[in-house]
Amino acid sequence: MKYIEGWGRTGDIGYIALIRDVPVGSATARFFSRKNPGYGFIDESIPELGMAVLPEYRGRGIGTLLLRTLMQSLTDRGIGAVSLSVDVRNPAERLYERFGFYEVGTTGRSMTMRADLTDEGANHE
């Protein structure tokens, strides 16, 4: 899976949420190339966000904390934007919108979203 294969390459950023030393969620950002794009690919200078929280831990603020931490880390590194792909039926879309993500395209049920991380465009909730 391209989102975790060879993890640790230059530019990879990720966080894992632990509860009593058990991983319950993660948020990552990874750069892709035009020749090997991810689902939310926009541009080689914009990393793609990947996020997951185990179903039994959703609704507890874990996703919010992970997303806030990752986006701040991207901003601290001087990265100007981040993208993602989300199923249009996924309730996480509302979380992404709270963090400033907006739709830039839709293919079938897959929506590509982007958040600008500059001082003017950043919204870390």
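For reference, positions follow the sequence shown, starting with 1.
Arg58 approaches Val53 most closely through the heavy-atom pair NE-O, 2.8 Å. Scanning all heavy atoms of the two residues, the minimum distance from Asp116 to Ala81 falls at OD1-CB, 3.9 Å. Here the closest non-hydrogen pair linking Val86 and Asn90 is CG2-CB, 3.6 Å. The two residues Gly40 and Thr112 have their closest heavy-atom pair at O-CG2, 3.8 Å. Among all heavy-atom pairs drawn from Ile13 and Tyr15, the shortest one is CG2-CE1, 3.9 Å. Between Ile79 and Pro47 the shortest heavy-atom distance is CG2-CD, 3.6 Å.
When side chains are defined from C-beta on, Thr64 counts as touching Arg98, because their heavy atoms get closer than 4.5 Å. Contact of the Met51 side chain with the Thr28 side chain is not registered, since no non-hydrogen atoms from C-beta on lie closer than 4.5 Å. Within the 4.5 Å cutoff, no side-chain heavy atoms of Phe32 are placed close to those of Glu44. Here the side chains of Glu103 and Glu93 are not in contact, with every heavy-atom distance at 4.5 Å or above. Between Met113 and Val104 the shortest side-chain heavy-atom distance does not fall below 4.5 Å. With contacts defined as side-chain heavy-atom distances shorter than 4.5 Å, the pair Leu74/Leu49 does not qualify. Looking only at side-chain heavy atoms (C-beta outward), Leu67 and Leu95 come within less than 4.5 Å of each other.
Here Phe31 and Phe41 keep their ring centres 6.0 angstrom or further from each other.
Between the side chains of Ser45 and Asp43, at least one donor-acceptor pair of N or O atoms lies under 3.5 Å.
If you take OG on Ser110 and CZ on Arg89, they are separated by 10.5 Å, rounding to the nearest 0.5 Å. For the atom pair CG (Leu84) and OH (Tyr96), the distance works out to 5.5 Å, reported to the nearest 0.5 Å. Rounded to the nearest 0.5 angstrom, Glu48 CD and Arg30 CZ are separated by 10.5 Å. Atom CG of Leu70 and atom OG of Ser26 lie 10.0 Å apart (nearest 0.5 Å). Within the model, atoms CZ of Arg77 and CG of Leu117 stand 12.0 Å from one another, a figure rounded to the nearest 0.5 Å. Distance check: Met71 CE to Leu66 CG gives 13.0 Å after rounding to the nearest 0.5 Å.
Val88 and Ile42 sit in two unconnected hydrophobic clusters of ILVMFWY residues. Membership requires side-chain heavy atoms under 4.5 Å apart, directly or through other members.
Scanning for salt bridge (Lys or Arg N to Asp or Glu O under 4.0 Å) contacts around Arg9 gives Asp12, with sequence neighbours left out.
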Trace of the side-chain contact (heavy atoms from CB on, under 4.5 Å) decision for Tyr102 with Arg114: CA-CA 5 Å; Tyr102 56 92; Arg114 172 186 174 138; 3.3 Å; yes

Do Leu18 and Val24 pass the side-chain contact (heavy atoms from CB on, under 4.5 Å) test, and can you show the C-alpha distance, the side-chain angles, and the key distance before you say yes or no? CA-CA 6 Å; Leu18 301 173; Val24 299; over 6 Å; no

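By the neighbour-count criterion of 12 heavy atoms within 6.0 Å, atom OH of Tyr39 is sparsely surrounded, having that number or fewer from other residues, nucleotides or ligands. The environment of Ile19 atom CD1 is dense: over 12 non-hydrogen atoms of other residues, nucleotides or ligands sit within 6.0 angstrom.
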